[in-house]
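Notes for the one structure printed next.
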Amino acid sequence: MLSRSLIRALPRIATRRVSPKSASLSPRNISKAFSTKPADAKTILSQDVKVEDYFKPVEVTESGVAIVRLDGPKPMNTISFAMSAAAKKMWSESIANNSSVKAVVFISAKPDNFIAGADIQDIKNIEDKSALIPVIEDGLNFFKAMKSKGVPMVSAINGPALGGGLEWALWCDYRVASDSPKTKMGLPEVKLGLLPGFGGTQNLFPLVGTQKAMDMMLTGKEVRPAQAKKMGLVDLVVSPHGLENAAIKAAEELAAGKIKVTVPRKKKSWMNWAIEDTPPGQSKMWETIDKMIMKNTNGNYPAPYGIIECVKEGLKGGDKDAAYKFEREKFAELAATPESAGLIGIFDGMTSLKKHKFGEPKVPTKNVAVLGAGLMGAGIAQISAEKGYRVLLKDKDDQGIARGEAYINGNWDKKLKRKRMTMHKHNQNTANIVPLSDSSPSWKQHLGQADLVIEAVFEDIDLKHKVIKEMEEVLPEHCVFATNTSAIPIEDIAKGSKRPDQLIGMHYFSPVPQMPLLEIIPHKGTSDSTIATAYNVGVKQGKTCITVKDVPGFYVNRCLGPFLVEVSALAKDGASLELLDKSMTNFGMPVGPVTLADEVGIDVSNKVAQFLSNADLGVRMTGGDISLMGDMVEKGWLGKKTNQGFYTYDPKNPKKKTISAEVKEYAKQFQTRDLGLTELDVQNRIVSRFINEAVMCLQDEIIENPVQGDIGLIFGTGFAPFTGGPFRYLDNYGIDKYVAMMNGLADEHGPQFEPCQLLKDYAASGK
């Protein structure tokens, strides 16, 4: 199972002047950059719009097929309040009373999208979410008015049909989709803490079956055309250039009675009938779904339960209007939750971070060189090749290159098997990678064409300086050199370069193909065009990028340092490994700190903790005993990769893990007292160390704003997404209350819990 003006400067908090960059802790102000004044239902429903701003003129063929071409003012069609008003006007003026219209085809005038969903900013602009109920009802009345015309309606889908876009299509009698790689259908509202509100919870399950409908709505997964045809979501799949003609032909045949449609489209198998249409089967189905939701969310997300309630309401049968009413009321209820606000905040943050302020690169990037074909380098090469870059993957020997290629091809083979990649795309990606080693006679010639080099060699500054010197002898003058270090200061690495203004940090997270975050770290002498190059490449690779100040640990690892120390402190105070993990997963983290250390690698976690203990964090890295991990490294207990860390992993099934008696005994050696810690104690101590360091990073301008802070820790560490991130969590908790809690911890456990100055200032000001 993710923007109010960036920072609101306060002239004075308490007696200390705060810089504009660190003046606002709350990311809520970010959305003001996207929104207008708060709206109410009366204003929305009475607005006057121009039909031509959202639709091309309606064409009617000789056979009586009205062709409605959606063409909103933005690159992607979305269902906004204004678009809804224009749709009603268009239908009333051109179709409702036109007796020559025998069928209707809805198709996008844009080349690459149908309708990408509802306009989230409209929802945010309504302060009283109950006002959404009459607005949604008005939208439902439009769809019902379309149906009341009594003529067949066909949707022609090319590109995304998501959220409200798919719901629009579901109101039609027939759906034709193109086989374009860009065509995808889904109901992703759950990812924003919402549910499908334009009839989706009622119109999908009769068509495709309850199990498939629940899978789509509860996960927000996107369905490709072939799969959509197989499950009955669409009726026909054609090439993009044949889409319009196929849709018109289908509309004509529907009007003539030559095509008969049934709901559901596919006859249920005996098994699906038993599960979906009998009381015992339904009971077991809902029990299984409830277990799945609890396993994936720990009950922290209300939207899945709202979706279930709506579908159950629809399955009762009877008055369909009552079910639609239940759905829109539940939508408004979810829209008012802090969980939805947090998830929408993540969405806004991701949108705002697609752009940057650093201008244009000197040279567009076409050729990306990756030095080092280990897991990190191979992952970077994979995501670069997938996005069309020509990738020069270099390692010291052919064996290293072979391992890197095997890793990449293994990942692509899995995608191919799961039908997430075509063979054509697989071959294309493979052709984009040029494998090179020291023994390749042409490696210097190839590197001479690189526009960007990403170095992913071992964390050793002498080795990095050696690589830079060797590469700069063959790289073109314009080439940007990026280092994928997780700890070494970029400024120190740049000292080994003849062109330090073209050197920058690009800190990827492992595993690279799955982790969405990229920290971009310029040093003091890095040019804007170099930052722009790194940022543009990161965005094209599919990463959410944040620019971070060049300090020890950068942002994410800097926050992880006190977090790791506190985990060891809790172990000293009697917290079991099981309690540590359970407490944090119940808080909302995807994995607990013990599991996280195992998955990252005990050696890596230990290295980060040791490095930051000797850095500039001072008292904030005290209170625990990181030798706990150091001794494990000496024992060879490196975590999941060696099948032994805090947990013992089954080599045949790594998902199976246990804590051995030996590890329990080892951990007990570090215990100095037993405080009888509760789950809440563990959560407060770990999370407060995490959050305090995040705010400290804002205070010290290591990050530019709270949005970067929230996105960085959610995407880099899995900080409970439903909270919206550490800054939004603080905002909802109340800064004064949080500071009081931290002060209590400081009195009891030591100065490592003392709130940073910015937190104290905000608490004192009552902000």
- Residue pairs, two or more places apart or on separate chains, that pass ring pair (Phe, Tyr, Trp, His ring centres under 6.0 Å) and touch residues 597-629: none
- Message: Once ring pair (Phe, Tyr, Trp, His ring centres under 6.0 Å) is applied, what residue pairs with a partner in residues 634-666 remain, sequence neighbours excluded?
- Response: Trp637-Tyr666, Tyr666-Phe670
Could you pull out all residues at least two apart from [X] that satisfy salt bridge (Lys or Arg N to Asp or Glu O under 4.0 Å)?
{"X": "Lys664", "value": "Glu578"}
{"X": "Glu329", "value": "Lys325"}
{"X": "Glu599", "value": "none"}

- Could you check Lys543 against Ile383 for side-chain contact (heavy atoms from CB on, under 4.5 Å), going step by step and ending with a plain yes or no? CA-CA 10 Å; Lys543 301 302 180 188; Ile383 63 172; 3.5 Å; yes
Any Lys/Arg nitrogen of [X] or [Y] sitting under 4.0 Å from an Asp/Glu carboxylate oxygen of the other?
{"X": "Glu287", "Y": "Lys291", "value": "yes"}
{"X": "Arg673", "Y": "Asp573", "value": "yes"}
{"X": "Asp215", "Y": "Lys221", "value": "yes"}
{"X": "Glu693", "Y": "Arg620", "value": "yes"}
{"X": "Glu333", "Y": "Lys330", "value": "yes"}
{"X": "Lys572", "Y": "Asp674", "value": "no"}

- Task: Verify side-chain contact (heavy atoms from CB on, under 4.5 Å) between Arg558 and Ile702, making sure each step is shown before the conclusion.
- Result: CA-CA 10 Å; Arg558 194 174 178 89; Ile702 293 166; 3.5 Å; yes
Nearest 0.5 Å please: distance from the [atom1] atom of [X] over to the [atom2] atom of [Y].
{"X": "Ile691", "Y": "Ile735", "atom1": "CD1", "atom2": "CD1", "result": "10.5 Å"}
{"X": "Ser613", "Y": "Asn606", "atom1": "OG", "atom2": "CG", "result": "9.0 Å"}
{"X": "Ile546", "Y": "His507", "atom1": "CD1", "atom2": "NE2", "result": "10.5 Å"}
{"X": "Leu194", "Y": "Leu187", "atom1": "CG", "atom2": "CG", "result": "12.5 Å"}
{"X": "Lys129", "Y": "Ser340", "atom1": "NZ", "atom2": "OG", "result": "7.5 Å"}

Give a yes or no on whether the backbone of [Y] and the side-chain of [X] come within a donor-acceptor separation of less than 3.5 Å.
{"X": "Asp128", "Y": "Ser130", "answer": "yes"}
{"X": "Thr297", "Y": "Gly299", "answer": "yes"}
{"X": "Asn557", "Y": "Leu560", "answer": "no"}
{"X": "Lys640", "Y": "Thr648", "answer": "no"}
{"X": "Glu519", "Y": "Cys545", "answer": "no"}
{"X": "Thr658", "Y": "Ser660", "answer": "no"}
{"X": "Asp650", "Y": "Lys652", "answer": "yes"}
{"X": "Gln671", "Y": "Gly574", "answer": "no"}
{"X": "Ser568", "Y": "Gly624", "answer": "no"}
{"X": "Asp731", "Y": "Phe727", "answer": "no"}

- Kindly assign one of parallel, tilted or perpendicular to the pair Tyr729 and Tyr738, based on the angle between their ring planes and the thresholds 30° and 60°.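 Perpendicular.
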Can you check whether [X] reaches [Y] side chain to side chain, under 4.5 Å on heavy atoms?
{"X": "Glu309", "Y": "Phe326", "answer": "yes"}
{"X": "Asn692", "Y": "Leu759", "answer": "yes"}
{"X": "Phe347", "Y": "Leu343", "answer": "no"}
{"X": "Asp581", "Y": "Pro593", "answer": "yes"}
{"X": "Val556", "Y": "Thr717", "answer": "yes"}
{"X": "Met515", "Y": "Tyr508", "answer": "no"}
{"X": "Tyr733", "Y": "Arg728", "answer": "no"}
{"X": "Pro726", "Y": "Asp710", "answer": "yes"}

- Residues Asp603, Lys641; criterion salt bridge (Lys or Arg N to Asp or Glu O under 4.0 Å); working and verdict: CA-CA 11 Å; Asp603 52 339; Lys641 58 190 172 186; 2.9 Å; yes
- Where do Val663 and Leu577 land on the side-chain contact (heavy atoms from CB on, under 4.5 Å) test, with the steps shown first? CA-CA 10 Å; Val663 172; Leu577 300 179; 3.9 Å; yes
- Task: For the residue pair Glu339 and Asn300, confirm or rule out a side-chain donor-acceptor distance under 3.5 Å.
- Result: no
- Message: Would you say Gln683 and Ser583 are linked by a side-chain donor-acceptor pair, where the criterion is simply a distance under 3.5 Å?
- Response: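 No, because no side-chain N or O of Ser583 sits under 3.5 Å from a partner of the opposite role on Gln683.
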- Item | Lys657/Thr595 under side-chain hydrogen bond (donor to acceptor under 3.5 Å, both in side chains): CA gap, chis, key distance, verdict | CA-CA 10 Å; Lys657 60 182 185 180; Thr595 299; 2.8 Å; yes
- Task: Apply side-chain hydrogen bond (donor to acceptor under 3.5 Å, both in side chains) to the pair Asp348 and Gln121, showing each step before the final yes or no.
- Result: CA-CA 9 Å; Asp348 280 346; Gln121 297 308 318; 2.9 Å; yes
- Task: Begin from the C-alpha positions of Asp681 and Thr678 and carry the test side-chain hydrogen bond (donor to acceptor under 3.5 Å, both in side chains) through to its verdict.
- Result: CA-CA 5 Å; Asp681 292 330; Thr678 66; 3.1 Å; yes
- Would you sort out whether Leu518 and Met506 count as a side-chain contact (heavy atoms from CB on, under 4.5 Å), showing the intermediate values? CA-CA 7 Å; Leu518 173 61; Met506 292 179 74; 3.8 Å; yes
Only distances under 3.5 Å count here; give the side-chain donor-acceptor pairs of residues 742-756 to other protein atoms, sequence neighbours excluded, each with its distance to 0.1 Å.
from   : atom 1 : to     : atom 2 : distance (Å)
Asn743 : ND2    : Val739 : O      : 3.3
Gln752 : NE2    : His749 : O      : 3.2
Glu754 : OE2    : Lys760 : NZ     : 2.5

- Item | Exceeds 12 heavy-atom contacts within 6.0 angstrom, atom NZ of Lys582 | no
